[in-house]
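First the structure, in the form of structure tokens, and then the observations on it.
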Amino acid sequence: MDKFLKLDLYKLSTILLFMIYSNVFKLVGIYPIISLVIEIWLILCIVYHIIKVGIPLNVFIIFILTFILLSLSFVQIFNDNITSLSAGLMGFRKTSIVWDIFLASLLVTVTHEQLNIFVKRIILGGAPVLLYGMKQVLFFSTFDNKFIQNNAAGLYTGTIFGEQRMTSIFSSASHLGAFSVVIILLVIYYWNNQYRLMQKLVLLSIILLSIVCLWGSLSRTMIVVLIICLSSYFIFKLKTINQLVIGLTVVFSFVIYNNMNLKFYFESWLISDNMFLRLIGTIINASSDSRLIGRGDQAKELIELTRQHLIIGYGIGSSEAATYFGYIYHVVSDNLYLSYLMETGIFGVCLLLFILFYIFVNLFKLKDEKFGRIVLSLFIGTIFMGFTGTTTAMYPIIQIIICFFGIGVSYQKQKKDF
């Protein structure tokens, strides 16, 4: 029993890998059962650890606040706007259950050796996913399309500019793009731990695989997220506050200059026959993109609805693309923060923002360490990602990301105690 339920970094990496490869079972129709079993296993590990060891005092406050957010989301299953229990449970599964991995990661003991093994397992365990993604880039088959057909958001998300987007074993191209970004950052962290030429060649090949999969996903958001993460990493690598301020000033100046001048230069790329130029053109001229314009219209409708029920919201899942049925009022929100506002009301979104702020403050204290810079950069990229999509529904990639946030907080608190 202890071996099965004992909570440590090795167990967390095993659970995350099971979550990743559970997507394969969508092909045989038993994915809901498999994913449910994995979630129950994780929850049992958390309960077992609390009963046997307790909640560490150094993470007690953030643990309780996160549990309150999780509980508030669960209560929203019974919101009057939700007409069926199954819809509420699906909404809870899509938007909130992700926080259980954060709770688990707060409880584990973190050492450098364990952390390196954890990162290594995620990198090597994710390599087959990247290999399959590269295979899709090289030659896409009818079989590969089956994963896209399981995407509840619709086949519309499977193409862009008339081109097929690669998904590997995931049900969305953006998931593959996000996974590629995570692996690239983890390899950067793990790089200095390897001294043999063959080991570095393996890591380099995984980075190249990740870049190919990121491109194959044609996910504009994830390309921008990678740029943000890498920029943040090198900015936080600066040793002094003055250098940090200068670095941030340069980045913000470039962004302002880009918005004021470069988008006019790149307008012609919007209709280019070259896929790369067209992709970059739509990123720089985001305000002209039909998908983003549609998201803006959805946001206006959502805000107008939320004003009428600002306190309690419209119930969990009422803004998710995968939960159209079972709601009186339903508006798809490709924005994490607006989604929480609609689903849990003003209290829920305020609690979410406080938890995110708490995570940032603790990760920022680790900016002088490589692991801290990597996770902090990933955090900043994820915050940006939240403005372009409901990231909590990005199963299982968001589980990996949030798990690293929890490990970072736990590591910082344990280091402080030492």
Side-chain angles (χ1 to χ4, degrees), residues 2-3 6-17 20 42 45-46 49 52-60 62-63 101-127 179 181-204 206-207 210 229-230 232-239 358-382 399-418:
D2 187 73
K3 183 178 180 180
K6 181 181 178 180
L7 196 58
D8 52 27
L9 285 179
Y10 184 86
K11 180 67 59 59
L12 278 183
S13 64
T14 300
I15 291 175
L16 286 174
L17 290 174
I20 291 171
L42 176 59
C45 289
I46 295 173
H49 184 92
K52 189 170 183 179
V53 181
I55 303 173
L57 292 178
N58 53 18
V59 296
F60 185 81
I62 188 62
F63 187 96
I101 195 76
F102 181 72
L103 294 176
S105 59
L106 289 174
L107 298 175
V108 298
T109 301
V110 183
T111 65
H112 275 292
E113 182 180 0
Q114 292 174 333
L115 185 58
N116 290 336
I117 294 175
F118 179 84
V119 172
K120 179 181 178 180
R121 295 195 79 205
I122 298 299
I123 292 173
L124 297 181
F179 185 72
V181 171
V182 171
I183 295 298
I184 289 173
L185 292 174
L186 294 184
V187 171
I188 291 175
Y189 164 75
Y190 197 69
W191 182 268
N192 290 340
N193 294 321
Q194 303 302 311
Y195 302 100
R196 297 179 182 177
L197 177 61
M198 183 57 66
Q199 292 172 330
K200 287 191 177 292
L201 288 176
V202 170
L203 292 177
L204 180 60
I206 291 177
I207 286 183
S210 300
C229 289
L230 294 179
S232 300
Y233 173 76
F234 288 109
I235 288 174
F236 287 120
K237 199 173 182 179
L238 300 176
K239 296 299 182 182
Y358 184 95
I359 293 172
F360 172 77
V361 169
N362 283 273
L363 294 181
F364 189 77
K365 294 176 182 178
L366 293 173
K367 65 178 175 49
D368 293 330
E369 297 188 23
K370 190 172 185 179
F371 174 72
R373 289 193 297 272
I374 287 292
V375 180
L376 183 58
S377 302
L378 182 60
F379 176 83
I380 293 174
T382 305
Q399 271 75 1
I400 300 174
I401 294 173
I402 288 186
C403 183
F404 273 101
F405 295 165
I407 291 173
V409 172
S410 182
Y411 176 65
Q412 193 279 323
K413 293 295 185 182
Q414 293 171 30
K415 183 180 177 183
K416 180 180 178 181
D417 290 342
F418 294 149

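Everything numeric here is computed off the predicted structure, so don't read it as measured data.
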With sequence neighbours excluded, tell me which residues meet side chain to side chain contact (heavy atoms under 4.5 Å, CB included) with [X].
X	answer
V53	H49
I117	E113, R121
Y358	I62, N362, V409, K413

Euclidean distance, [Y] [atom2] relative to [X] [atom1], rounded to 0.5 Å:
X	Y	atom1	atom2	result
L124	S13	CG	OG	11.0 Å
L197	Q199	CG	CD	9.5 Å
I401	I101	CD1	CD1	12.5 Å
L16	C403	CG	SG	5.0 Å
I206	I184	CD1	CD1	11.5 Å
Y233	L376	OH	CG	11.5 Å

- Query: Excluding sequence neighbours, so at least two apart, what forms side-chain hydrogen bond (donor to acceptor under 3.5 Å, both in side chains) with T111?
  - Reply: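 Partners of T111 by the side-chain hydrogen bond (donor to acceptor under 3.5 Å, both in side chains) criterion, ordered by chain and then number, come out as Q114.
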- Sequence neighbours left out, what passes side-chain hydrogen bond (donor to acceptor under 3.5 Å, both in side chains) with N116? Give chain and number order.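 With neighbours one apart ignored, the set is Y189, N193.
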If you look at every heavy atom in [X] and [Y], which pair is closest and at what distance?
X	Y	value
L363	G408	CD2-CA, 3.8 Å
L17	G126	CD2-N, 4.5 Å
S410	L106	OG-O, 3.5 Å
L107	G54	CD2-O, 4.4 Å
V182	L378	CG2-CD1, 4.3 Å
V181	C229	CG1-SG, 4.5 Å

- Checking side chain to side chain contact (heavy atoms under 4.5 Å, CB included) for the pair I122/Y190: CA distance, chi angles, key distance, verdict? CA-CA 11 Å; I122 298 299; Y190 197 69; over 6 Å; no
- Query: Taking the side chain as C-beta and beyond, is there a heavy-atom pair between V187 and L204 under 4.5 Å?
  - Reply: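 In short, these two side chains do not touch, never coming nearer than 4.5 Å.
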- Task: Given side chain to side chain contact (heavy atoms under 4.5 Å, CB included), test I400 with F179 step by step and report yes or no.
- Result: CA-CA 9 Å; I400 300 174; F179 185 72; 4.0 Å; yes
- Out of N58, L103, L57, which residue meets the side-chain contact (heavy atoms from CB on, under 4.5 Å) rule with F63?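 Exactly one candidate clears the test, L103.
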- Donor-acceptor under 3.5 Å (K367 side chain, G372 main chain):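 Between the backbone of G372 and the side chain of K367 there is no qualifying donor-acceptor contact (under 3.5 Å).
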- Message: Looking only at the aromatic ring of each residue, does the gap between the centers of F405 and F379 stay below 6.0 angstrom?
- Response: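 Ring centres of F405 and F379 closer than 6.0 Å.
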- Would you sort out whether T382 and I402 count as a side chain to side chain contact (heavy atoms under 4.5 Å, CB included), showing the intermediate values? CA-CA 9 Å; T382 305; I402 288 186; over 6 Å; no
- Parallel, tilted or perpendicular: which fits the ring planes of F371 and F404, with parallel below 30° and perpendicular above 60°?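 Rings of F371 and F404: tilted, as their planes differ by 30° to 60°.
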- Message: Apply side chain to side chain contact (heavy atoms under 4.5 Å, CB included) to residues F364 and Q412 and explain how you reach the verdict.
- Response: CA-CA 10 Å; F364 189 77; Q412 193 279 323; over 6 Å; no
